[in-house]
Amino acid sequence: MVANSGLNSAQKNAVEYFDGPMMVLAGAGSGKTRMLVAKMAHLLQEANVGPYKIIALTFSNKAAREMRERVSRLCGINGQALTVTTFHSFCARMLRTEVEYFGLSKNFSIYDEDESKAIVKSILGKYGISPKEISPYDVLSYIDDLKNKGVYQGRENLEALGIDLDDPFFKYFDEYEHELHRSNALDFGGLITAVLCLFERHPHVLKRFQQRYEYILVDEYQDTNRAQLELLKLLASEHKKICVVGDEDQSIYSWRGADINNILDFEKHFTNVKIVKLEQNYRSSAHIIKAASAVIGNNVLRKGKQLWTENDEGEKITIAELETEKDEANFVLSELEKIRKAGQEKYHDFAIFYRNNFQSRPFEDVLRQKNIPYRIVGGIKFYDRKEIKDVLAYLRLVVNPQDSLALSRIINIPTRGIGATTLKKLEDLAGQLNLSLWGAIEKLLAGADDFGIRLTPKIKLALKNFASFLGECIYLNEKGTSPKIIFEKVIHESGYLDELRAMRDYESAARIENIGEFGRAIEEFQSATPNATLAEFIEGITLDTTQNLDTDNQMGEISLMTIHGAKGLEFPFVFVVGAEEGIFPSSKSMERGQNSVEEERRLFYVAMTRAMEKLFITFVRGRVLWGQLKFNGPSRFLFEVPKENTIWSQNKKPNSLLEDVGKEHGAFDNYDFSQEVDHERYVIHEKAKAPPPNVKFQKGSRIIHTVYGKGTVLDTEGFGAEEKVIIMFPDGAKKRFLVKFAPITADHN
DNA sequence: TCGACGATCGTTTTT
DNA sequence: CGATCGTCGA
């Protein structure tokens, strides 16, 4: 009975039901995690379900850890017995144990985005395509998109998934998969699709997992992609005891493949679905809840929930207009200090949220200047540093010698005289023999055949030395030598540290310091899990990028983060800054259209609902963007916040220079700053349209080029004699032409 | 094999 | 404006 105490009736319904598929639509601050924890506890204690029968899937390791810990504390059991994990870790673990059923060996590498991009680049290079013609980023996005939809090589009925097999990029997908395979590697998306593939081709394996995991719980369901939905459908099809928990209004990762339709169409994918809505909010004041509900009510793509609260009305939301981003930072700080001094609040009760990372700058400046403790959540990650990636590449190579990307990264770091030319020869050989780079090197050094590759004796010796050093490391690792010892061997005997030491500059010293930090992380890992392998350490850091956030001092620190980073958190006092058109909603989303703007609105909603007691939203009249002063006007979302829940605060400087500059630029035509503060003042009237420039080709129109054939105008620049067009051709190539000279005509068919 | 220069292009980042 | 990246030259 412990599990259910203190729950409201909706939460109880969600906790106690497990007869079939259920979707819990949990509004912001509605006690979702609490409900999930109670539900697991209920299964374990009331229903006497064995812990090994339950799987709970989340998106972040942080969420997984938190849930595991709370459940084990509530039930007084050892959390290790529970499968509470992320989709990706779950799949990685399965693939390593079920290794005989799919094409890679147990020690496969997991490639991150950078590494995937490097693969794409090399493929395009092989085709002789420059990054200007076809952007590697576009190709990678395409491949990523396929994987998000559940595509794997050899999958049938792709048309049903809406995949166009004639897409010119599809061949790159094949090439890409082949390259990964040759490196004994998977990317993030591939972890999921490989499991789909395994389940489809080996039904008895699927059966085993279906039988084992009778109860399936999914957190943050709005963030799942199509591939993950399919995985869930397969796993759940035997017992149909699946419970997904999510909030369509907090779906803010569509650009990462999350498919809001997974929630909207849940009843199409599962039958006899029970839906429970958690609509009582325990977090925020009534003003905040009413305002946030009104804003999100403007979205069309939703199931619809009516959030309510018994909490006090609280203070109205302050919407403040400032002159520049500097004034914005100063305003936020002065309001913050007012609150802090009046109520003895700690710094960690405050958070500043922005749409883009670059917006943190002015706040950091002011905070540093005033000596106020703060921390930036997110930003540059430890494992993204060059030196860490280098050392990691060595270690990955030791675990998985077939990892050609890792090998090519460090084969000449430190400089060994094995330069680009030699590497190219080796890569070509590997391609010919369809081996990994390491495989090719071993073959070549075996000496039976030189494959027509002539290397100078010096280079050959360098290669030999390198290979024998690596061979020793590989041998030690196979023998079960501890990760720390292999790490030490790598950094010392590879010459990596020596090279850094020889540099004798500040930057190199910092790098040495970071490598030391990395060593301590390995040590910590080793003492926490004494028998764990290097492979497990590496998987841990590629799949779990959670940073240590333990530096809380007495007064705490103000948190600065993007709104994406704020999801799932709460703070008594929240400042949402930069609420301007083009910033929030972002200009890109405005270009993309209605659905994208809806996602921005969800983001706005997430931001608002983080606040418990008091919410401030600020915007500026003039912002320096890319070295230029921009006048974007207040965000459309501000006008969706009901008047009765807000106080608008105008902070105009007398005789502001900015206003003159703005007028000069014609930027203030939209609204009149001389009037008193009221909503009407901010209503943006349709701008007088600039006379249509003298352009021959419109964006989106179709053309014929006498050399390259048919294409579509992606974008135009300039006009008249200066008019340029960027054309996308059917093979995916992008080219840029000066209209005056290019042999292009409009294609009216 | 490295460094200097110029062109380019500017979200969000759970895994 | 500024970081990043690719190209070219020595």
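All chains are named by letter (A, B, ...) in the order of the sequence lines, taking the proteins before the strands, and each is independently numbered beginning at 1.
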Salt-bridged, Glu600(A) to Arg355(A), with N to O below 4.0 Å? yes
Whom does dT11(B) pair with, Watson-Crick or G-U wobble, provided both distances fall under 3.5 Å? none
Assign each of Tyr137(A) and Ala420(A) to its nearest nucleotide of DNA chain B by heavy atoms, then name whichever residue's nucleotide is nearer the 5' end. Ala420(A)
Pick base, sugar-phosphate or nothing for Asn225(A), based on heavy-atom distances below 4.0 Å to the nucleic acid. nothing
Of all heavy-atom pairs between Ala292(A) and Thr609(A), which one has the smallest distance, and what is that distance? CB-CG2, 3.7 Å
Between Lys588(A) (NZ) and dT12(B) (P), how many Å, whole number? 10 Å
Is Lys147(A) salt-bridged to Glu177(A), cutoff N-O under 4.0 Å? yes
Report the nucleotide, chosen from dG10(B), dT1(B), dT14(B), that has the shortest atom-to-atom distance to any side-chain atom of Asp223(A). dT14(B)
At 4.0 Å (heavy atoms only), tell me whether Tyr253(A) reaches a base, stays on the sugar-phosphate, or touches nothing. base
According to the 5.5 Å centroid and 30° plane-angle thresholds, does Trp626(A) stack upon the nucleobase of dG10(B)? yes
Applying a 4.0 Å non-hydrogen cut-off, can you work out what Arg592(A) is touching in the nucleic acid: base, sugar-phosphate, or nothing? base
On a heavy-atom basis, the closest approach of Ala393(A) and Ile410(A) is CB-CG2, 3.9 Å
Rounded to the nearest angstrom, tell me the gap between atom CD in Gln359(A) and atom P in dG10(B). 17 Å
With heavy atoms under 4.0 Å as the rule, sort Ala258(A) into base, sugar-phosphate or nothing. nothing
Send over the distance from Lys117(A) NZ to dC5(C) C1', rounded to a whole Å. 11 Å
By nearest-nucleotide position on DNA chain B, the 5'-leaning member of Gly189(A) and Ile418(A) is Ile418(A)
Electrostatic pair Arg361(A):Glu364(A) at N-O distance under 4.0 angstrom: no
To the nearest angstrom, how far is Leu603(A) atom CG from dT11(B) atom C1'? 10 Å
Carboxylate-amine/guanidinium proximity below 4.0 Å for Glu69(A) and Arg65(A): no
Tell me the interatomic distance from Phe59(A), atom CZ, to dT12(B), atom P, rounded to whole angstroms. 21 Å
Could you state the CD1-P distance from Ile563(A) to dT13(B), rounded to the nearest angstrom? 10 Å
Under 4.0 Å between a side-chain N or O of Lys567(A) and OP1 or OP2 of dT12(B)? no
Syn/anti label of dT11(B) as read from its glycosidic torsion, with the cut at 90° from 0: syn
Residue-phosphate contact under 4.0 Å: Thr562(A) side-chain N/O, dT13(B) OP1/OP2: yes
Gap in Å between the two C1' atoms, one belonging to dT11(B) and one to dG6(C), rounded: 24 Å
Looking at Asn357(A), does any N or O in its side chain come under 4.0 Å of the phosphate oxygens OP1/OP2 on dT11(B)? no
Tell me: CG of Leu124(A) to P of dG6(C), nearest whole Å? 12 Å
Nearest to the Asn412(A) side chain among dT1(B), dT11(B), dT13(B), which nucleotide is it? dT1(B)
Students often get this wrong, so: under 4.0 angstrom with heavy atoms, is Lys121(A) touching a base, only sugar-phosphate, or nothing? sugar-phosphate
To the nearest angstrom, the NZ-P distance between Lys424(A) and dT1(B) comes to 15 Å
Mind checking Glu600(A) for me? I need base, sugar-phosphate or nothing, with any heavy atom below 4.0 Å counting as a touch. base
Ignoring hydrogens and angles, does a donor from either the side chain of Asn356(A) or the base of dT12(B) sit under 3.5 Å from an acceptor on the other? no
